[in-house]
Amino acid sequence: MRPSERNGCVPTTQKTCSRYSWKLNSQPPYPAQSILADEVSLQHLWEMLLKPHSHVQVFEGAEDNLPDRDALRAALAIQQLAEGLTADDLLLVLISGGGSALLPAPIPPVTLEEKQTLTRLLAARGATIQELNTIRKALSQLKGGGLAQAAYPAQVVSLILSDVVGDPVEVIASGPTVASSHSVQDCLHIVNRYGLRAALPRSVKTVLSRADSDPHGPHSCGHVLNVIIGSNVLALAEAQRQAEALGYQAVVLSAAMQGDVKRMAQFYGLLAHVARTRLTPSMAGASVEEDAQLHELAADLQIPDLQLEEALETMARGRGPACLLAGGEPTVQLQGSGRGGRNQELALRVGAELRRWPLGQIDVLFLSGGTDGQDGPTEAAGAWVTPELASQAAAEGLDMATFLAHNDSHTFFCRLQGGAHLLHTGMTGTNVMDTHLLFLRPR
């Protein structure tokens with residue numbers, strides 16, 4: 001299929017730091033024009049800066065991954081472009097994480113501010129990305145297959161970088177090219193779960209009531225091809241190869257870890273202890289109770305039991321330095337107004353857990369980082385810790401518990417040893433969730 005000679009449209013949704021872009025053919029005889037919305041200022045991505053005479057139009061918005069007026073302006077421009085396509089056009093869509101914030105087009109009478117408020121309330125109470133996107137889709141003109149519907153009858157090919165556990169295409173960026181399968185009852189169940197039913201604006205109730213009475217049900221997207229081209233699985237596989245090249249026995253536990261950050265930290269702390277007993281045969285083995293607790297935590301975090309046992313047995317056979325890898329996204333219950341992200345908070349909590357266990361005869365290091373290079377509203381991608389973290393913090397007068405109580409992990413790591421424990425990679429231009437690495441080396 002070739003672009004329409006009417007306007008040469010080859011719209012795309014492109015992943016570079018969670019952006020949408022509509023890039024139109026710039027080769028004669030087709031005129032060139034593009035629309036691009038970016039949540040990260042391009043001044044930090046020199047290699048992605050536009051050439052002096054580029055036909056790409058840039059909309060920057062969604063600061064801190066929250067939809068704003070700039071993102072709304074971009075979404076409406078994108079909608080107008082898609083609605084102008086014909087059966088002779090091909091819409092090439094490149095989708096990545098951050099797309100939900102970059103494509104806000106609330107269904108009237110819902111306002112952007114009302115949608116923002118509801119999203120913030122849900123996120124602050126620990127709602128998962130799946131739950132947030134279910135609500136976003138129900139209130140959006142473009143999410144939940146809305147973009148694909150706007151482009152009909154043009155053919156749509158969507159290439160997707162997944163930032164969601166399990167790679168469900170209907171969830172990533174709230175599925176602009178995937179028909180939503182969620183009902184109004186699903187939305188109300190989520191709102192009730194987090195005690196927000198009474199806080200719903202009248203406009204939101206109006207939109208949900210309209211959807212509930214729609215006799216046609218969810219629309220289809222038969223003119224769309226959706227393809228996953230990047231994911232946490234691929235990122236972990238490459239990290240595993242690099243660890244093996246450095247001489248580590250490297251085992252991937254899971255690319256689908258999810259759950260409360262406190263439980264995840266408990267798992268990694270206990271895992272380090274149990275792994276130590278497998279790597280150092282002279283030490284007493286883990287107790288039956290410890291083994292049972294480890295498997296219980298693993299189940300809570302969606303780690304397959306067989307995969308965990310395989311990892312432990314691999315270390316027991318090799319007796320050498322080991323690297324256990326996992327990926328996914330923990331959830332953080334916000335209790336304070338500090339600075340940080342889930343990776344730095346996880347690292348800090350793991351550091352607190354490691355001091356609980358006897359880890360003699362083995363060196364341990366845990367690292368957690370976001371693949372986009374930015375953990376929360378900070379310039380760090382994450383942080384790394386060792387069992388000595390607690391004593392290092394105490395020596396500098398830093399109370400770990402106080403920083404955790406205020407969700408202020410970034411401030412903690414900035415003050416500790418001048419920020420030496422922070423992971424700085426710079427913006428990577430992609431996002432396939434988080435990676436966790438637990439290094440264990442017998443002395």
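Using a 4.5 Å cut-off on side-chain heavy atoms (C-beta onward), Ile160 and Asn226 make contact. The closest side-chain heavy-atom distance from Leu91 to Val157 is not below 4.5 Å. Residues Val169 and Ile228 are in side-chain contact: their nearest non-hydrogen atoms beyond the backbone lie under 4.5 Å apart. Leu72 has its side chain within reach of Pro106: a pair of non-hydrogen atoms, C-beta onward, lies under 4.5 Å apart. Between Leu354 and Leu359, the closest side-chain pair of non-hydrogen atoms falls below 4.5 Å. The shortest side-chain heavy-atom distance between Leu294 and Leu271 falls under the 4.5 Å cut-off. Considering only heavy atoms from C-beta on, Asp372 stays 4.5 Å or farther from Thr430 through its side chain. Using a 4.5 Å heavy-atom threshold, the side chains of Cys187 and Thr134 count as touching.
The backbone N or O of Gly382 lies less than 3.5 Å from no partner atom in the side chain of Gln344, so there is not a single donor-acceptor pair. Of the possible donor and acceptor atoms, one in the side chain of Arg339 sits under 3.5 Å from a partner among the backbone N and O of Pro377. The backbone N or O of Ser162 lies less than 3.5 Å from no partner atom in the side chain of Asp167, so there is not a single donor-acceptor pair. Although no hydrogens or angles enter the test, the distance criterion places no donor-acceptor pair under 3.5 Å between the side chain of Arg441 and the main chain of Asp363. A donor-acceptor pair is defined here as one N or O able to donate and one able to accept, closer than 3.5 Å; no such pair exists between the side chain of Lys137 and the backbone of Gly145. In this structure a side-chain-to-backbone donor-acceptor pair under 3.5 Å is present from Thr371 to Val432.
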* Worked check of salt bridge (Lys or Arg N to Asp or Glu O under 4.0 Å) between Glu313 and Arg278 -> CA-CA 8 Å; Glu313 288 303 319; Arg278 304 292 182 98; 3.1 Å; yes

* Evaluate the criterion side chain to side chain contact (heavy atoms under 4.5 Å, CB included) for residue pair Cys414 and Leu422; output intermediate values, then yes/no. => CA-CA 7 Å; Cys414 282; Leu422 286 170; 3.9 Å; yes

* Asked: side chain to side chain contact (heavy atoms under 4.5 Å, CB included) between Leu200 and Leu118: does it pass, once the steps are laid out?
  -> CA-CA 8 Å; Leu200 287 182; Leu118 182 55; 4.0 Å; yes

* What do the steps show when you test Gln149 against Leu142 for side chain to side chain contact (heavy atoms under 4.5 Å, CB included), and what is the final call? -> CA-CA 8 Å; Gln149 288 298 107; Leu142 296 178; over 6 Å; no

* To do: In sequence, state the C-alpha distance, the side-chain angles, and the governing distance for Arg263 and Asp300, and then conclude on salt bridge (Lys or Arg N to Asp or Glu O under 4.0 Å).
  => CA-CA 8 Å; Arg263 297 283 282 175; Asp300 286 350; 2.2 Å; yes

* For the pair Glu238 and Arg241, evaluate salt bridge (Lys or Arg N to Asp or Glu O under 4.0 Å) and give the outcome as yes or no after the intermediate values. => CA-CA 5 Å; Glu238 180 59 29; Arg241 284 191 288 270; 2.7 Å; yes

* To do: Take Leu234 and Ser231, measure what side chain to side chain contact (heavy atoms under 4.5 Å, CB included) needs, and give me the verdict at the end.
  => CA-CA 5 Å; Leu234 295 175; Ser231 67; 3.8 Å; yes

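The environment of Gln80 atom CD is sparse: at most 12 non-hydrogen atoms of other residues, nucleotides or ligands sit within 6.0 angstrom. Within a 6.0 Å sphere centred on OH of Tyr152, other residues, nucleotides and ligands contribute 12 heavy atoms or fewer. A 6.0 Å sphere centred on NE2 of His406 holds no more than 12 heavy atoms belonging to other residues, nucleotides or ligands.
Side chains of Thr411 and Asp408: a donor-acceptor N/O pair is present below 3.5 angstrom, by distance only.
The salt bridge (Lys or Arg N to Asp or Glu O under 4.0 Å) analysis of residues 341-352, with sequence neighbours excluded, yields the pairs Glu329-Arg342, Arg342-Asp434, Glu345-Arg349. Identified under the salt bridge (Lys or Arg N to Asp or Glu O under 4.0 Å) test for residues 184-202, with sequence neighbours left out: Glu131-Arg193.
Annotation: side-chain contact (heavy atoms from CB on, under 4.5 Å) contacts of Gln335 (sequence neighbours excluded): Lys262, Asn407.
Aromatic ring pairs are classed by plane angle as parallel below 30°, tilted from 30° to 60° and perpendicular above 60°; the pair His421 and Trp384 is parallel. Ring geometry for Trp357 against His273 counts as parallel: the plane angle stays under 30°, on a 0 to 90° scale with 60° as the upper cut.
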